[in-house]
Amino acid sequence: MRVLHEAQKEPKASIQAEPSSETPDKRGGVTRRSFLGWSAVAGAGLGLVGCSTQKNPYSIHGQALVANGTGRTDVDKTVWSACTVNCGSRCPLRLQVKDGQVVRVLPDNTGTDELGNQQVRACPRGRSIRHRIYNPDRLKHPLKRKAGTKRGDDQWEEISWDQALTEIAQKMKEIKRDYGNEAFYINYGTGVLGSTMSCSWPPNTTPVARLLNLYGGYLDHYSDYSTTGITQAYPYFYGGWQNTNSLDDVMNSKLQVMFGNNPQETRMSGGGQTFVTQYVKQHANVKTIVIDPRYSETSIALGDEWVALRPGTDAALIAGMIYVMIKEGLHDQAFLDKYCVGFDENTLPEGAPKNSSYRAYLEGKGPDKTAKTPQWAARITGVPAKRIEQLAREIAGAKPCAISQGWGPQRHANGENAARAIFLLAAVTGNIGIPGGGTGGREGGSSLPVDPIFNTEYTNPSNKIISVFGWLDAIERGPELDTFNAGVGVKPEPGVRALKVPVDEDGNPTNTKLEVPIKAVFNYGSNSLVNQTGDNNRSVEILQNEENCELIVTCDIMKTVTARYSDYILPGTSTSEESDFHQGENATPMAYGIVSQQAIKPLYECKSIFDICTLLAEKLGLKDEFTGGKTREEWLEATIAAAREEDPDLPTYAQWKEMGIYRRKVDSEVPMADFREDPQANPLDTPSGKIEIYSKRLQDMGQKWHFGQIHEQRKGDKLTALPEYIETWEGPAEAQENPDYPLQVIGHHFKGRTHSSYGNVEWLKEAHVQTVWLNPIDAKTRGIKNDDLVFVYNPRGTIRLPAKVTTRISPGTVSVPQGAWYDPKPSTEVKPPKGANPNKPVDVNGSVNTLTSLHPTPLAKGMGVHTTLAQVVKA
């Protein structure tokens with residue numbers, strides 16, 4: 001397998017990679033450059049491991065790098081464990097233990113280099129897990145916020161477990177008495193995504209949810225921070241979530257086109273994505289075009305061409321391309337006629353206005369009277385018209401073409417339409433439901449039939465549900481929220497990811513209201529209270545008002561940013577201190593699962609979430625119901641036993657513990673193949689049973705949706721029946737007209753962290769420095785050079801961090817790696833630059849969400865945090 005270093009390839013859009021500013025700096029026998037080089041390629045399957053000399057009570061010094069993964073010979077035992085953070089992978093680890101301490105971390109040593117039996121090698125994040133286990137930020141004892149201090153003041157008193165749980169239980173009883181169960185909320189958090197007994201999301205599969213279900217229920221949320229826009233877009237195009245073809249199926253493609261899809265960073269681990277993409281590149285050498293404002297690691301490792309467009313303009317680019325396809329007869333009209341609704345006037349649903357088809361939109365016959373020519377698209381996207389024409393011909397001419405999207409395009413203010421537009425490109429070119437093609441969604445993967453029976457035994461008695469991004473609104477203005485102004489709804493049926501808006505007997509959307517505000521928030525494995533949500537400074541203002549939210553409880557292994565804004569902090573256990581089952585993800589053509597074992601005893605006074613919830617259940621008189629009469633280990637045994645009833649080929653729990661990882665080869669995934677074969681026998685879950693390019697439901701909902709009631713109405717706040725390009729607030733048009741804030745800000749996933757997990761590991765922070773990416777054109781006009789310390793600011797906040805001056809970002813755009821831990825300093829410590837908001841602190845850690853907005857997207861009421869404008873000046 002070839003391994004591509006950043007220095008080996010240059011961007012293909014007539015740009016050159018910037019010179020390196022790294023200087024050797026030996027730390028414990030590993031230079032910064034050597035670790036950075038290792039970290040850049042480890043996801044491709046290299047068997048390297050290193051150890052830090054970070055000082056803490058449990059550190060082991062002086063261990064050399066090894067390349068064969070055999071580890072130490074003087075240990076007491078080697079135990080299978082796993083990395084369970086939310087990267088989209090799930091990687092096994094082998095922990096070597098001596099004298100009760102983890103002294104070395106080894107990768108998977110089973111499997112082969114054969115596709116479908118591949119080794120699942122952990123990336124540098126997972127391999128640095130010792131520095132999470134023994135991190136100085138580890139929570140050691142239960143903590144209570146000191147009386148008279150504000151959330152965020154970071155003033156605590158150490159208390160006993162009994163006091164903490166007694167006081168939390170008493171406050172829960174008071175809130176239930178005064179407000180009812182819909183005042184309880186489990187905050188979004190994916191820090192323990194890949195576990196079963198310790199799972200932190202989805203909320204209904206967590207131990208906290210089991211406890212609250214038994215206590216009468218809680219207010220639930222739909223979707224997740226990663227995918228709110230696309231999740232809510234799917235039902236109105238395909239009827240529900242549809243992955244695109246699996247990554248290995250690209251072997252059957254003539255061309256691969258990736259919109260904002262960056263698996264080499266977002267899913268760089270050995271859980272399958274990096275291995276599969278590199279394998280396909282080596283054996284099939286399918287040409288890959290990456291369309292992204294940033295020249296990502298995927299562009300480097302997989303891409304043959306990079307198309308740099310302005311953020312949030314994907315739908316305009318696609319409209320320009322489809323205009324060319326229609327003009328030159330390159331589209332698949334037969335597919336559109338047979339499988340789709342609304343591309344042409346003659347397939348519009350009954351009641352749709354004249355000239356409301358997508359073809360009419362392209363030809364300028366719709367309400368805007370503007371033809372979507374390549375020249376029109378070029379002015380919006382920044383992609384030359386000639387290049388748009390070439391892309392149209394190349395994509396339409398590749399039979400088949402694998403079109404996919406990551407989740408960056410849909411994380412904009414017009415994200416739902418961007419997602420639907422990429423689906424549309426797959427439909428117009430007739431690539432849906434065939435090998436080598438795809439739906440225009442993101443790649444999926446196969447999993448083993450192991451269900452978390454402990455977490456799903458009881459259901460939530462409460463029927464209300466809100467958008468995952470709407471919880472701060474529900475704290476501050478709960479009873480004002482309803483379906484039409486905030487996306488409140490009733491719970492969808494099991495397995496449905498998106499909210500289905502209720503309708504009356506005539507099919508008209510109906511309204512659902514919240515009755516009470518959120519009064520108690522439970523954070524488990526979550527750094528989304530502050531840091532991962534949006535507008536950090538405004539989030540803090542809302543949370544510091546104790547009249548709004550009366551109880552905030554955080555359970556984690558680290559003293560995170562979120563922990564600072566809590567009332568009680570409960571120290572949890574790491575994966576190394578527990579036993580669990582971990583479902584593999586996204587590794588097609590392979591499904592796998594990991595059974596981890598407890599490697600070390602819980603440190604300090606830490607307890608597992610199962611034990612914490614058991615003790616809290618006892619305080620609420622629910623202990624027997626909560627445990628079901630089983631220990632944690634017995635629940636794991638029962639989980640595997642239940643799975644074996646469905647699939648006897650699975651190993652027993654005892655066998656699985658011994659082998660650590662079990663894998664099997666599965667077939668490539670070609671979603672919607674049955675629909676393609678016979679659409680009448682296999683209709684989609686849309687009103688027409690077909691692909692709905694024009695959605696009458698969205699047209700009808702657009703008449704009911706209210707903007708300006710919860711948040712000030714802003715440009716682009718509207719629903720459209722077609723996946724058309726919507727110009728938005730703080731979008732590219734505003735950037736070109738705003739001299740104060742002329743730069744579009746996006747955030748990208750970072751190899752040094754998974755979201756904010758591992759964000760406090762010094763080993764990784766040294767190798768992956770938090771910087772703001774700035775194009776040389778924008779840097780020159782501001783007198784900024786590579787590595788200069790700069791301020792990035794807008795009215796919502798200011799961050800300070802070094803500049804990375806690089807041609808790997810499109811002009812007019814800056815990118816800040818998301819997930820850095822918010823660290824605000826008052827103006828008495830760090831003076832904001834001229835022009836910045838003097839009433840906002842300076843975040844010296846560079847959290848991108850210090851700049852972003854809490855303004856929700858129009859349909860999903862989700863995060864549009866990639867729609868942000870700012871200014872950059874030299875510090």
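Any value given below was found using the heavy atoms of this structure, including those in side chains, with hydrogens, waters and symmetry copies removed. None of these values were measured; they are calculated from a predicted model.
Side-chain atoms of Arg411 and Thr228 form no donor-acceptor pair, as typed in the model, at a separation below 3.5 Å. Counting only N and O atoms by type, the side chains of Ser668 and Asp249 include no donor and acceptor under 3.5 Å apart. Neither side chain, Glu443 nor Ser404, offers a donor N or O lying under 3.5 Å from an acceptor on the other.
Ion pairing between a basic and an acidic side chain is recognised when a charged N comes within 4.0 Å of a carboxylate O; Glu265 and Lys751 show no such pairing. Between Arg663 and Asp108, at least one side-chain N (NZ, or NE/NH1/NH2) sits under 4.0 Å from a carboxylate O, which counts as a salt bridge. In summary, Lys399 and Asp332 do not engage in a salt bridge, as defined by a charged side-chain N under 4.0 Å from a carboxylate O. Taking the charged nitrogens against the carboxylate oxygens, Asp344 and Arg359 do have a contact shorter than 4.0 Å, which makes a salt bridge.
Applying the side-chain contact (heavy atoms from CB on, under 4.5 Å) criterion to Gln410, with sequence neighbours excluded, gives Ile230, Trp407, Ala419. Checked against side-chain contact (heavy atoms from CB on, under 4.5 Å), Leu330 has the following partners two or more places apart in sequence or in another chain: Met325, Glu328, Arg393, Ala396.
Annotation: cation-pi geometry not satisfied between Lys372 and Tyr725 (NZ/CZ under 6.0 angstrom from ring centroid, within 45° of ring axis).
The aromatic ring centres of Tyr694 and Tyr358 sit 6.0 Å or more apart. With ring centers used as reference points, Tyr662 lies 6.0 Å or more from Tyr592.
Contact record, Ile746 with Pro293: CD1-CB, 4.1 Å, taken as the closest heavy-atom pair.
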